[in-house]
Amino acid sequence: MKYGLRLTGTGGDLAALHTLSVAAPTLPESPWRTLTLDDGATVLASASLTDALAKELHARGVSLVALASLAVTASREARGLLDALPTTPSHRDPAPDAVILRVAVAHPGAHRTVERLLSLGRDDVRVCELVDGAGERVMLLRVARPPVYLLMRAHDEPSEGVTAYVRAGDDALWVALGRAHPMASAAARALQSQRRMALVDRDGAWTVLDPAALAWRSVYDAVSARFEAPRTQWQSAPGETRFTLRLRLAPATPADPELWLLDSAQFLALDALLDALTPAERERFTVARLTGPDGTRYALHEKVRAGMARLGVRVSEAVSAAGFTRAAGTDNLYLPVGRQLLPRMRRDELRALLGLDAAHLVAVLDTPEGPSVVCVRNADEAPLTRWIDYVATDRRAELDRLVEQSVFAWPELSIDRTARPRARAESAPAEAPKRTTRSEAREAAPAPEAPAAISDEPAATPEAVTVDANEQRLRDEARALEEKLRAPGSDDTGAWAALATVKASLGELDDAAGCIEAAVFYTPDAHAERLGALVELRAKLMGATRSDDELTALAERPRLTPSEAAYFGARVLEGILRGATSGDGRFLSRAERVLTDPETPVSRRLAWSVARALHGRAGDALGLTRARERILGGLNEKGLHDAYDMPHFARYALALDAGDGAVDRARTEQLASLEQLWTAAQERHVREAEPLGAYLRLVFAVGFTRLGAIARGRDVSAPVEAEEQGHEPPNRLLFKLYRARAAHVATQGDAAAWKANAEALVAGIRDARVKDRVEFLRTRSEWLRTREPAEFLPNLKPAIERALADFEASPEEAPARLAALLDDREVYAFEMRAAVERAARLALRLGRDELTRAVLRETMPRLRRVNTPGVRAAVLGECIPAAATLQDPETLDRLVDEVIALVRTPGTPLRDLLLAVTPGLQALRRFGAAATAKRLLDAIEPLSRPRDRESVKLRAALLSGLWQLDEGERATALLDRCVDDVLDGALDPPGRYDAGAAVLTATRHWPATARTAHAMRFVEGLARFTDTFTASAQKLYETHKVLIAERVIDAVADTVTFEGGRVRAWLDDEEQALRRRVLADWRQACGR
Amino acid sequence: MWTLNELEREIDAVRARINQHRRALREYFVNRDEEIDLATVCAAAQEPLLFVGPPGTAKSDLVVKFVESLGLGERDYFEYMLTKFTEPGEILGPIDLEQLKQGRFVRRTAAKLPEARVAFLDEIFKSNSAILNTLLTIVNERKFYQDGEPTPVALRMLFAATNDIPEQSELDALADRFIVKIETRPVKDTHFTELIDAGIMNEVYRATEQRPWARGAASFDDFLKLKRFMDLTFAARGNGAADREQWFPAPVFAEFRRVVRTLETEDRVMVSDRKLVKLYKLLRTRAFLFHGGAVQTPDLALLAYVGNRRHEIPAVAEKVRALLNLDAT
């Protein structure tokens, strides 16, 4: 061996080796020797480097060194050139994806390494054993994602005897940790072609292994566990001891009752409740007639699907019997409400003890003498509805909804009518079971003349539809009058009266009565003669007897149904205006209080008509003032009700006018939008077995379910169940929660049941880390969380608490006390806010304008005393709604000026500004102060131009405002900018989500098409919603992507569409008109 | 100020008194040894300590008894519960109106944080940004600003408590100043009887206005002396390397490095450069206080408290115990 190649540690080495292999292609395969010189340099020598080759290489620019002149300190034999190359230091990722640890079996380090791996939970390690060239047993441990700690220990502590090899090229080449092979790829390829693998040490020495000969096994096969603890053997003994236990009824948490055992009187008492139930609710009940030692009894049973709220308590109140609940774990054992059988028994023992197998139902009664058991065999349960005669219904809201759903915008049709007598349906099919309940209860009453009866008669075929010419004329007339009166606040009393006549002729009695109430409201004296007709109509609708006793009974009833209240109001009004009431003054004043109570389900027009008539005639200014306060206070607090205060024809007209049509059509459009979004989401973001895909499936499934497409929702989420086992435990639990949410939406279960289920599921998680990760997403998700994030509310000082309580005690003094608090230097800004809030809300609730005015009078000059801008904004947010109720443009303007001043104060946080802007805009819209609202919006707009999170949120508030003010074009442009900023702006991850959520929420009132287009942009840009370090550290799910998907669903598959924003707008305008009228009447009567 | 020579003569006695004080204080609590030990180490090293835990887990009681046991006067101790409406004046003292009339913005700091030697701030993360910024300067630089002039504060020991560590970036800076954070958990499930007995005794002490813990074995000065001694020891050989070679054996130091690296890489626990140096000092203080010598592997158990986030704290504690094989010893 004469020559060698001196390595320089630069890129030139590889070039030289390449030249060498070109000059002598067999050279790399021949044996080599690696020499280490005294200066630390490395020389690669080979016997094949001959003089001739040295000369040729020199000509090619590669100079060899003569070995004779070198001072060699160490040498190593190698099978080929690749083995001979020394390793170089590596600066690669210190956390490799896999390593092989090599340790001598006899070395204590082997034991320690295996023990530590298992202590760190790494039981996925594979081990194999070999015998090395020196005959020593060596263990290889293959570790995926190795613990950093063990790697560093192997690297730092030679005494540990462990060498870690990191994968350098596929599975063939493994190089010592911290080193790299200069020709790793070539070496790996060469090894693969020979079906070999090599472990390369720090000094470059190769250990070549045959992978097929390595018998990898589980780490558990390499350990033999011992547990050193004394053991004792116990023998089982035959169980002979039996204890006698006496079962007893003990107190338990009360649950809603579901079974009642009633006598005849109690059964008949159901009558009152049946009036108030919807048909669906009535269908939940079954009745079985039973006979026993105490005579006839009725078993009334409420059957509902799991998760639905029961009506139990209402039934118990109606029949004055507590009822029974089903014992947990049994099918037919019923215990008194709030009682349980103790001690608890196994189910089969209970069945044998109480004979549950043979009985239809078993009830344990709690009598003074102790428990007694009632066993019912073969009960013949029939639906409760078969015990009811339907005579009429005044469930107006439901009818309204029913009719609204069948309003279609057909083109004009001309029908060839043939004169046929109008078919009248007959009630009460002959074969009903003994229909005792309702008919018996009303035996004394004359048979009511049913304007429209529900019968089992088959529906008329299209040919059978006949409309005579007179009816057609009436309908035309009605349509013309409705056209005149459909706007809110219409006071054409002549038209109202005429419409009442037409409606009565058409048999639309409820509408006719409403029209008379309107006519009387606007001109009481001119239409007093119609009151008789009003009473007659209302009596018919309610099935009333018109007796004086009945009137007195109604006045004493704690709660009236809508038909009772309307009838009662009509009778009282007639009595006052025509002197036809037999009652005395006390009765009338009680009746007036009942009717003007905001809780009474009667139109506010009728309520005011009664109050005005009663106090106006008596010249009782104080009484009228109080009635006015009650009416206006109710309006401030609740507004008008769509069932009592809005004529039916106005609702139908709005349903026809609405651009997106009737409810079903809107729902179909929403489903189409959702399908479109789901297709886009699926294409772009749903990958098999990835958490994000699973979450998106579940979130969309909830959306489909919400829109009634339950089967579609199930289809969308089905793959998640199939792949579930492949996901991490926290994800699996969260999937379960989303599925529970979908089930909750599908069954329209009540919120309390959902909350209990969700919390029970989370409480059942034992692993704290898993729970922590489940809670991380759950508490952030608006769908999954069961309590709202706690807002920090500072405690008020006790003295302040007392002062605020005094507001309620004596409202007249509230403004002065408020002023004193605002002037007190010791009172903090947040306490001032609490004081203003309490005083303003009290004034609004009481409906006393002078009180509201006084509160504002004391607050406004002191606004600047509230020196924290955020708190001042909140105070303004309280004051604007109050000022809006006064219809006082000057005060409103001053308050809006204050908001604008805040807007212009540099440094006012935008977040705080929203506290004034959002409620302020709502109030201004509700009370019709459009110009002021617009001025406010104009002032805010420049502020929202920056592209940060708070500005985008402020812009979202602006969006809602502009849309409500019918500035659609401006709003659309703003929305486009908002979405651009959310998706493309330089926002941090929480900011992007926050702003995106605000924008999506603001679009909920928009038409479906516009919403879908913008929601689509969010779906397409979902990748932009990344997480922070903290959230992504969970490594389980992508928090903000999941949450924004929820918001997208909320925006598209919302419920606001069904609630009808137009109806609300109509009611708001009507409320203003009514308010003006009430005030005008009051001023006239009281001379102010 | 004490010199190294003076302190060397009495440091063993000081150390013994502090350890006796630590053990005596444990008598008044149930299963709070870990918290008391850590509070003692932090007090000796003058590093702030954060207690994280639900209400009713003896956080404030622990600090109050610890402070009372040092025999400090009322003006030496400042305690405050922070809210987002807390104003700087409540912590630093009101503005001096007389001075203000003369155009100087000076606070009257009597009985407020700047003049206290020990402070306890409850619900620290509920405070607003004005307070947070002020606290940062006080914790970091032990000073605050009077009319634009930096003024030193007397604060030597700072304890804080919180129910949770909010994940808001603006709070990260302050959270990072607390090198160690300890989770206080309810003990009623494991020590029901002892808790009732100790609780009743505490009620008796309160009703009869007794404070037996106030006769603490160590004084505030003892803690100052220990801190001074440690500082002088660090400086004695002129550079940090010397201290490490003498008091931190290489295998233990390598273990320290491995654990920190593992927590950073596998558990994403952020250990800043500042925190690392402070951890070294805390480990040295603990070792000297507990056994008077070089750092040993069990001293590294202190690393169990370096978790930053609420969910990290128990996970990090468990991991550190597993890495150091502490459960096996």
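Since the structure is predicted, the reported quantities are computational estimates derived from the model, not experimental observations. All chains are named by letter (A, B, ...) in the order of the sequence lines, taking the proteins before the strands, and each is independently numbered beginning at 1.
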Engaged part of B:R310 at the chain A interface, taking heavy atoms whose separation is under 4.5 Å: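 Contact with chain A is absent: no heavy atom of B:R310 under 4.5 Å.
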Polar side-chain atom of A:Y828 near backbone of B:T86 as donor-acceptor pair, under 3.5 Å: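 Checked: no pair found.
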Under 3.5 Å: donor-acceptor pair, side chain of B:N128, backbone of B:I131: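 Checking the backbone N and O of B:I131 against the side chain of B:N128, a donor-acceptor pair under 3.5 Å is found.
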Contact leader toward chain B among A:A829, A:P147, A:A768, where contacts are heavy-atom pairs under 4.5 Å: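 The residue among A:A829, A:P147, A:A768 with the greatest pair count is A:P147.
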Proximity breakdown for A:P990 and chain B, heavy-atom pairs closer than 4.5 Å: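 For A:P990, no heavy atom lies under 4.5 Å from chain B.
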Proximity breakdown for A:R145 and chain B, heavy-atom pairs closer than 4.5 Å: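 Neither the backbone nor the side chain of A:R145 comes within 4.5 Å of chain B.
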Minimum side-chain heavy-atom gap A:R202-A:H155 below 4.5 Å: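 Yes - at least one pair of side-chain heavy atoms lies under 4.5 Å apart.
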B:R108 atom CZ, over 12 foreign heavy atoms within 6.0 Å: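 Atom CZ in B:R108 is not crowded, with 12 or fewer foreign heavy atoms closer than 6.0 Å.
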